[in-house]
Trainee: 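What follows is a single structure, and I will ask about it in a moment.
The model shown is predicted, which means the values in this text are computed figures rather than measured ones. In what follows, chains carry the letters A, B, and so on, assigned in the order in which the sequence lines appear, proteins first and then strands, with residues in each chain numbered from 1.
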Amino acid sequence: MTDGTADPGFVSETEEAEATEEAEAAEEATVTLRVWRGDAAGGDLVDYTLPANEGEVVLDVVHRIQATLAPDLACRWNCKAGKCGSCSSEINGKPGLMCMTRVDELPEGPITVTPMRTFPILRDLVTDVSFNYEVAKRVPAFAPLPAGPEGYRMQQVDVERGQEFRKCIECFLCQDVCHVIRDHEDNKQHYAGPRFFIRLAELEMHPLDTNDRRELVRQRMGIGLCNITKCCTEVCPEHIKITDNAIIPLKERVVDSSYDPVAWLGRKILGRHKRTAEEAAAAAPH
Amino acid sequence: MTTFDNPTVTPVAIGGTRGGPDAPTLRQDRWWVQPLVTVTALTAFVVYSAWAVFVNKDYYVGVAMHRDLISPFYSPCIAASCVPGARGTAVVAGWWHITPALIVMGGPLGFRLTCYYYRRAYYRGFWQSPPNCAVADGHRRYTGESRFPLILQNIHRYFFFIGLLFNVILTIDAVMAFRMPGAGGIGFSAGTLVLCVNAVLLWLYSLSCHAARHLCGGGVRKFSAHPIRHRVWRVLTPLNAHHMQLAWASLLFVAFADLYVRLVASGVITDPKLF
Ligand code: SF4
Ligand code: SF4
Ligand code: FES
Ligand code: FES
């Protein structure tokens with residue numbers, strides 16, 4: 001692991017001769033990234049100092065480090081536009097997208113960049129997010145009724161309802177920040193996490209879907225583990241109101257199916273059946 | 001080297017070693033301010049209201065001062081121990097002889113304790129679970145709201161209905177505050193204003209409740225099949241977005257309304273008649 005210090009001599013001698021105050025200021029301005037370098041065997045924070053460029057985001061600086069000081073620095077990225085969800089990391093301890101975090105909006109001093117804490121490390125800033133793909137396989141797929149003679153028809157209000165949830169870019173920052181699994185690894189066995197609560201909420205609010213996933217959400221997806229502290233909502237780069245619009249509505253649906261004595265009585269009288277977790281899970285790809 | 005002919009499959013790893021430094025948090029901002037403010041404000045409220053409930057005096061401004069103002073902590077006053085005039089039409093608990101505020105405080109207290117917003121506030125502030133985002137949980141084991149006793153939070157919707165009952169009563173109190181017995185019959189004083197604002201804030205807080213939003217229409221799968229419920233849901237949704245602000249505003253104002261009535265009743269200030 002090298003402690004790289006940049007060569008600040010990017011200002012040519014002729015420019016220096018002009019020596020305007022502006023140039024002097026530019027010459028002095030540097031940016032230091034304190035990047036976690038390492039793998040499963042261990043690692044450490046390493047400082048990289050580079051000349052500062054105006055208007056840069058953290059990912060730009062990481063790219064310049066790769067190009068100049070540490071070609072072996074591993075990071076994931078793809079779109080540089082906040083739309084692919086690849087460059088998730090923790091910047092000054094806060095989960096965020098490197099491509100959407102401007103350097104000039106961070107406080108003075110070294111900027112700490114570390115990998116997402118909740119997932120196993122592969123190398124440097126790259127983590128193994130397969131936990132999320134495993135959960136995804138356990139989410140029962142959309143189960144519509146057979147189409148009528150006109151095919152499927154939906155009203156605009158019903159179409160609009162799920163749109164917010166479809167903005168998800170699967171950056172998994174919400175999964176990363178959620179203390180249920182961030183601080184308690186053992187909960188990963190029975191917890192879906194905010195990203196999948198929005199998926200489940202979208203399905204439960206879908207007018208054409210027929211699967212009743214409430215028991216599944218209660219017993220196997222761990223909705224009761226979420227204590228609605230809203231960190232997922234705070235970090236979501238798509239500004240999805242995860243807690244208010246997905247998690248709490250799911251919790252209320254679970255209250256309907258399991259904790260509301262009046263609803264229970266109603267089901268008994270009307271002879272309505274609620275789907276067991278097994279029945280609901282049968283529609284999952286995994 | 002990985003090629004298309006020889007792909008190495010990423011092994012699925014649940015568990016495994018985590019990256020990054022082993023620190024409770026790497027946040028450098030003042031993340032502790034938010035939980036500290038919550039704890040301070042809620043503690044101050046609890047201390048003040050406990051005192052107000054147990055002093056058992058100065059909670060009613062009656063005919064002697066040409067007013068009809070009752071502190072929201074003591075309404076409805078249904079115990080035998082209520083001061084004359086403060087008592088509602090019925091003494092329900094004739095056998096109750098200690099502070100009358102204690103009988104009725106269970107409703108609003110349960111409503112606020114099981115409220116989704118207050119849950120968030122005290123889980124973060126008091127229980128440190130988590131103290132703030134990306135700051136380590138203060139506890140080693142964690143079962144959230146999936147076990148007794150926290151599983152009882154799920155009865156919040158019933159407290160919502162109890163809360164509505166109190167809103168009706170406190171609205172009646174606000175209407176009664178227009179009475180100026182012995183001073184022209186009807187009028188509007190600063191005390192009237194305080195009780196009116198209090199009632200309005202309590203209604204706004206209750207109507208922005210998440211359980212209300214679910215019950216009124218959020219629980220349906222198909223909005224187009226329930227146009228009226230969808231309408232109501234659309235009215236409550238923007239209110240719900242401000243639930244946190246309304247929770248604080250109504251909480252602080254209830255305490256203020258009690259304080260105001262108390263100051264007038266004890267003669268520290270006089271309640272000015274505005275018109
Ligand atoms: S609100 Fe629930 S799901 Fe979101 S971060 Fe908090 S505990 Fe996790
Ligand atoms: S819900 Fe938001 S934070 Fe979570 S994965 Fe989707 S875009 Fe990312
Ligand atoms: S690179 Fe695509 S979201 Fe940052
Ligand atoms: S959620 Fe706060 S009062 Fe119901």
Trainee: For the CG atom of B/Asn132 and the SG atom of A/Cys231, what is their distance to the nearest 0.5 Å?
Mentor: 6.0 Å
Trainee: Quick check for you: to the nearest 0.5 Å, what is the distance between A/Glu90 atom CD and B/Thr25 atom OG1?
Mentor: 8.5 Å
Trainee: Counting only heavy atoms closer than 4.5 Å, note whether A/Asp39 contacts chain B via side chain, backbone, both or neither.
Mentor: neither
Trainee: Can you name the nearest heavy-atom pair linking A/Val157 to B/His230, along with the distance?
Mentor: CG1-CE1, 3.3 Å
Trainee: Kindly determine whether B/Tyr158 and A/Val262 satisfy side-chain contact (heavy atoms from CB on, under 4.5 Å), including the steps that lead there.
Mentor: CA-CA 10 Å; B/Tyr158 289 98; A/Val262 175; 3.1 Å; yes
Trainee: Quick check on the interface: out of A/Lys241, A/Arg161, A/Lys251, A/Met154, who has the most heavy-atom pairs with chain B under 4.5 Å?
Mentor: A/Arg161
Trainee: Chain A: which of B/Ser224, B/Gly144, B/Ala225 shares the most heavy-atom pairs with it under 4.5 Å?
Mentor: B/Ser224
Trainee: Heavy-atom count check: over 12 atoms from other residues, nucleotides or ligands less than 6.0 Å from A/Leu145 CG?
Mentor: yes
Trainee: Sort A/Ile228 into side chain, backbone, both or neither according to what part of it lies under 4.5 angstrom from a heavy atom of chain B.
Mentor: both
Trainee: So, applying side chain to side chain donor-acceptor pair (under 3.5 Å) with A/Glu252, which one of B/Arg213, B/Arg157, B/His214 is it?
Mentor: B/Arg157
Trainee: For chain B, which of A/Gln155, A/His184, A/Gln156 has the most heavy-atom pairs under 4.5 Å?
Mentor: A/His184
Trainee: Please report the closest heavy-atom contact between A/Trp36 and B/Gly19, naming both atoms and the distance.
Mentor: CH2-CA, 3.8 Å
Trainee: Nearest 0.5 Å, what's the CZ-CD distance between B/Arg221 and A/Glu204?
Mentor: 4.5 Å
Trainee: Are B/Trp127 and A/Asn227 packed together at the side-chain level, in the sense that at least one heavy-atom pair is separated by less than 4.5 angstrom?
Mentor: no
Trainee: Output the distance between atom NE2 (B/His156) and atom CD1 (A/Ile248), rounded to the nearest 0.5 Å.
Mentor: 9.0 Å
Trainee: Whether the B/Tyr116 and A/Asp244 side chains hold a donor-acceptor pair (N or O, under 3.5 Å, no angle test) is what I'd like checked.
Mentor: no
Trainee: Do B/Ile151 and A/Tyr259 have side-chain heavy atoms sitting under 4.5 Å apart?
Mentor: yes
Trainee: Let me know if A/Arg123 has heavy atoms under 4.5 Å from chain B in its side chain, its backbone, both or neither.
Mentor: neither
Trainee: Does a side-chain N-to-carboxylate-O contact under 4.0 Å join A/Arg218 and B/Glu145?
Mentor: no
Trainee: Locate the shortest heavy-atom distance separating B/Arg124 from A/Lys230; write the atom from each residue and the value.
Mentor: NH2-C, 4.0 Å
Trainee: Top residue by heavy-atom pair count (under 4.5 Å) with chain A, among B/His243, B/Arg140, B/Arg120?
Mentor: B/Arg120
Trainee: Fit a plane to each ring of B/Tyr142 and A/His179, take the angle between them on a 0 to 90° scale, and name the class: parallel (under 30°), tilted (30 to 60°) or perpendicular (over 60°).
Mentor: perpendicular
Trainee: Looking only at heavy atoms and a cut-off of under 4.5 Å, which of B/Gly219, B/Ala134, B/Ala241 has the most pairs with chain A?
Mentor: B/Ala134
Trainee: For A/Cys178, is it the side chain, the backbone, both, or neither that has a heavy atom closer than 4.5 Å to a heavy atom of chain B?
Mentor: neither
Trainee: Given heavy-atom pairs under 4.5 angstrom as the criterion, report whether the side chain, backbone, both or neither of A/Ile247 touches chain B.
Mentor: neither
Trainee: Does atom CD of B/Gln245 have more than 12 heavy-atom neighbours, drawn from other residues, nucleotides or ligands, at distances under 6.0 Å?
Mentor: yes
Trainee: When you look at NZ of B/Lys222, are more than 12 heavy atoms from neighbouring residues, nucleotides or ligands closer to it than 6.0 Å?
Mentor: no
Trainee: Looking only at heavy atoms, what is the nearest atom pair of B/Arg18 and A/Arg182, with distance?
Mentor: NH1-O, 2.5 Å
Trainee: Of the listed residues (B/Ala121, B/Ala136, B/Cys133), which shares the most heavy-atom pairs with chain A below a 4.5 Å separation?
Mentor: B/Cys133
Trainee: Mark yes or no for whether B/Arg27, through its side chain, and A/Lys94, through its backbone, hold a donor-acceptor pair below 3.5 Å.
Mentor: no
Trainee: Do A/Thr112 and B/Gln28 meet the criterion of a side-chain donor-acceptor pair at a distance under 3.5 Å?
Mentor: yes
Trainee: Of the backbone (N, CA, C, O) and the side chain (C-beta and beyond), which part of A/Asp209 lies under 4.5 Å from a heavy atom of chain B, both, or neither?
Mentor: both
Trainee: I'd like to know which of A/Leu208, A/Asp176, A/Val126, A/Val180 tops the heavy-atom pair count under 4.5 Å against chain B.
Mentor: A/Val180
Trainee: Measure the shortest side-chain to side-chain distance between B/Phe223 and A/Pro207 over non-hydrogen atoms and say whether it is less than 4.5 angstrom.
Mentor: no
Trainee: Does A/Thr229 reach the side chain of B/Pro130, with side-chain heavy atoms less than 4.5 Å apart?
Mentor: yes
Trainee: Quick check for you: to the nearest 0.5 Å, what is the distance between B/Asp29 atom CG and A/Leu106 atom CG?
Mentor: 10.5 Å
Trainee: Taking the side chain from A/Asp183 and the backbone from B/Asp137, do they hold a donor-acceptor pair closer than 3.5 Å?
Mentor: yes
Trainee: Using non-hydrogen atoms only, which part of A/Glu234 is less than 4.5 Å away from chain B: side chain, backbone, both, or neither?
Mentor: side chain
Trainee: Answer with side chain, backbone, both or neither: which region of B/Thr237 has an atom nearer than 4.5 Å to a non-hydrogen atom of chain A?
Mentor: neither
Trainee: Around atom NE2 of B/His139, are there more than 12 heavy atoms from other residues, nucleotides or ligands closer than 6.0 Å?
Mentor: yes
Trainee: Is any NZ, NE, NH1 or NH2 atom of the basic residue among A/Arg117 and B/Asp22 found under 4.0 Å from an Asp or Glu carboxylate oxygen of the other?
Mentor: yes
Trainee: Under the side-chain contact (heavy atoms from CB on, under 4.5 Å) test against B/Leu26, which residue among A/Thr114, A/Asn92, A/Ile91 passes?
Mentor: A/Thr114
